[in-house]
Novice: 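My questions all concern the structure below.
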Protein chains: 2
Amino acid sequence: MARAATTADAFNAVAEPRRRQILDLLAGGELPVNDLVELLGLAQPQVSKHLRVLREVGLVDVRDEGRQRVYRVNGQSLKPIHDWVKNFEQSWSQRFERLDSVLAELKERELGDERNDE
Amino acid sequence: MARAATTADAFNAVAEPRRRQILDLLAGGELPVNDLVELLGLAQPQVSKHLRVLREVGLVDVRDEGRQRVYRVNGQSLKPIHDWVKNFEQSWSQRFERLDSVLAELKERELGDERNDE
DNA sequence: AGAACATATACCCATATAGGAATATGTCAA
DNA sequence: TTGACATATTCCTATATGGGTATATGTTCT
């Protein structure tokens, strides 16, 4: 079997740096394809192809405006990624480190009580 | 050019569902390869290969223990993903929706004041 | 040393790329 | 209608993949 399709889910779609860049640009507001082409410094077909992938996983929506196609981000589709990564946040978050120390202290105190009971 | 290597960064490494599953399992505590093999119901070589990818992007660390190799998660490497996704959180978060409505209300009131000034 | 166990690596293959180039489709303007 | 503009699609190619299978490496036990 080969690697999963880029259109399989948001995880795969977003693995490509260009596509993340596109989403970053669209985060500032909707944009027509040509603006993206200029901002990315990428050939137009490549941009259209990236946009297709993003569309297929629901990360962007399109709107027709004259002969332009205006794209906008739909961050909702990123929620699964956010939810998954969040479970590992304690690995680096200062906040959780403090929580850990509090729990450790509670445990210490608990042990102390036990010792007193003996 | 082909797709970026799975070892290019955490984004690519984590695009594979099996590898996310491995990280989920390791989140509960370090595990030797064979335990992962059983828990995943996958062949041992495939697991070792997935672990290699995770190692190369720093998502897991290994420790030798007798003839076993015990893997543990290193969530730190997920921070870039967390940071990137966080910028889009307002797209789905209830919290931000309420913030939006508050801002909308403020704007309304401001407009009302302007009308009163005229 | 030899066997059993634990893990990693090598090799094969079908598949999906990402970018380049050419072209098709669709819309507006004269 | 014809041409210019905006975007999408098609075709090409080199490349990396994930699983299957066989095998190599390394460790412990007898």
Side-chain angles (χ1 to χ4, degrees), chain A residues 1-26 30-73, chain B residues 1-26 30-73:
Chain A
M1 211 180 283
R3 221 204 286 205
T6 55
T7 53
D9 53 34
F11 282 95
N12 282 281
V14 152
E16 166 67 358
R18 298 304 203 169
R19 286 195 281 267
R20 288 200 301 279
Q21 209 178 343
I22 289 177
L23 293 177
D24 287 338
L25 291 172
L26 293 180
E30 53 178 22
L31 288 173
V33 178
N34 244 348
D35 286 18
L36 288 170
V37 169
E38 285 187 24
L39 290 166
L40 294 166
L42 210 58
Q44 176 268 315
Q46 305 356 316
V47 175
S48 280
K49 278 187 275 189
H50 282 311
L51 286 170
R52 191 188 210 292
V53 173
L54 292 174
R55 241 187 303 139
E56 289 195 25
V57 296
L59 278 166
V60 298
D61 294 316
V62 211
R63 177 169 61 82
D64 280 35
E65 185 171 311
R67 50 183 150 181
Q68 319 205 59
R69 314 206 72 192
V70 185
Y71 282 82
R72 63 177 171 286
V73 70
Chain B
M1 215 180 283
R3 221 202 290 202
T6 54
T7 53
D9 53 34
F11 282 97
N12 281 281
V14 151
E16 167 67 355
R18 297 302 202 171
R19 286 195 283 265
R20 287 201 300 279
Q21 208 178 343
I22 290 176
L23 294 177
D24 288 338
L25 292 172
L26 293 180
E30 53 178 21
L31 288 174
V33 178
N34 244 348
D35 286 18
L36 287 171
V37 168
E38 285 186 23
L39 291 166
L40 293 166
L42 209 58
Q44 176 267 316
Q46 314 343 323
V47 175
S48 281
K49 280 187 274 187
H50 282 312
L51 286 170
R52 189 187 213 291
V53 174
L54 292 174
R55 242 186 304 138
E56 290 196 23
V57 298
L59 277 165
V60 298
D61 293 317
V62 212
R63 175 169 62 82
D64 279 34
E65 185 170 312
R67 49 184 153 184
Q68 318 206 60
R69 311 206 74 193
V70 185
Y71 282 81
R72 62 177 171 285
V73 70

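Naming convention: chains lettered A, B, ... in sequence-line order (proteins, then strands); numbering from 1 in each chain.
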Novice: From D/dG18, D/dG26, D/dT10, pick the nucleotide closest to the side chain of A/Lys49?
Specialist: D/dT10

Novice: So which heavy atom on B/Ala15 is nearest to which on A/Asn12, and how close?
Specialist: O-ND2, 3.4 Å

Novice: Nearest-Å distance, CG (A/Asp64) to C1' (D/dA6)?
Specialist: 11 Å

Novice: Among B/Ile22, B/Val70, B/Leu39, which residue satisfies the side chain to side chain contact (heavy atoms under 4.5 Å, CB included) criterion with B/Leu31?
Specialist: B/Leu39

Novice: For B/Arg52, is there an ion pair with B/Glu56 - N to carboxylate O distance below 4.0 angstrom?
Specialist: yes

Novice: In whole angstroms, how far is the P atom of D/dG18 from the CD atom of B/Gln21?
Specialist: 14 Å

Novice: Is the shortest side-chain N/O distance from A/Arg52 to OP1 or OP2 of D/dT9 below 4.0 Å?
Specialist: yes

Novice: Give the rounded distance in Å between these two atoms: CZ of B/Arg18 and P of D/dT17.
Specialist: 18 Å

Novice: For B/Gln44 and B/His50, take the nucleotide of DNA chain D holding the closest heavy atom to each; which residue's nucleotide lies nearer the 5' end?
Specialist: B/His50

Novice: OP1 or OP2 of D/dA8 sitting under 4.0 Å from any side-chain N/O of A/Tyr71?
Specialist: yes

Novice: Heavy atoms under 4.0 Å, any strand shown: does B/Pro32 hit a base, just sugar-phosphate, or nothing?
Specialist: sugar-phosphate

Novice: Are the side chains of B/Leu25 and B/Val73 in contact, using a 4.5 Å heavy-atom criterion?
Specialist: no

Novice: Within the 4.0 Å heavy-atom criterion, would you say B/Gln68 contacts the bases, only the backbone, or no part of the nucleic acid?
Specialist: sugar-phosphate

Novice: Report the distance from atom CD of A/Glu65 to atom C1' of D/dA6, rounded to the nearest whole Å.
Specialist: 13 Å

Novice: Taking only the side-chain heavy atoms of A/Arg55 (C-beta and beyond), determine which of D/dT9, D/dG26, D/dG20 contains the nearest atom.
Specialist: D/dT9

Novice: I'd like to check A/Lys49 versus A/Leu54 (side-chain heavy atoms, cut-off strictly below 4.5 Å). Are they in contact?
Specialist: no

Novice: Whole-Å distance between D/dT21 P and A/Met1 CE?
Specialist: 13 Å

Novice: Nearest heavy atom decides the nucleotide; on that basis, is A/Gly66 or A/Arg3 closer to the 5' end of DNA chain C?
Specialist: A/Arg3

Novice: Given salt bridge (charged side-chain N to carboxylate O under 4.0 Å, His left out), test A/Glu16 with A/Arg20 step by step and report yes or no.
Specialist: CA-CA 7 Å; A/Glu16 166 67 358; A/Arg20 288 200 301 279; over 6 Å; no

Novice: Kindly indicate whether the side chain of A/Arg72, heavy atoms from C-beta on, has any atom under 4.5 Å from the side chain of A/Leu26.
Specialist: no

Novice: At under 4.0 Å, does any side-chain N or O of A/Asn34 touch on OP1 or OP2 of D/dT7?
Specialist: yes

Novice: Establish, from distance only, whether the side-chain atoms of A/His50 and A/Arg19 form a donor-acceptor pair under 3.5 Å.
Specialist: yes

Novice: Does anyone know the first and last nucleotide of DNA chain C in reach of chain A, 5' to 3', at under 4.0 angstrom to a heavy atom?
Specialist: C/dT15 to C/dC28

Novice: DNA chain C: A/Thr7 or B/Val47, which has the more 5' nearest nucleotide?
Specialist: B/Val47

Novice: Using whole Å, report how far CZ of B/Phe11 lies from P of D/dA16.
Specialist: 21 Å

Novice: Just how far, in rounded Å, is P of D/dC12 from CD of A/Gln46?
Specialist: 16 Å

Novice: Could you check whether B/Thr6 gets within reach of a base, just the sugar-phosphate, or nothing at all, counting any heavy atom under 4.0 Å?
Specialist: sugar-phosphate

Novice: Could you tell me whether the phosphate oxygens of D/dG18, OP1 or OP2, come under 4.0 Å of any side-chain nitrogen or oxygen in B/Arg19?
Specialist: yes

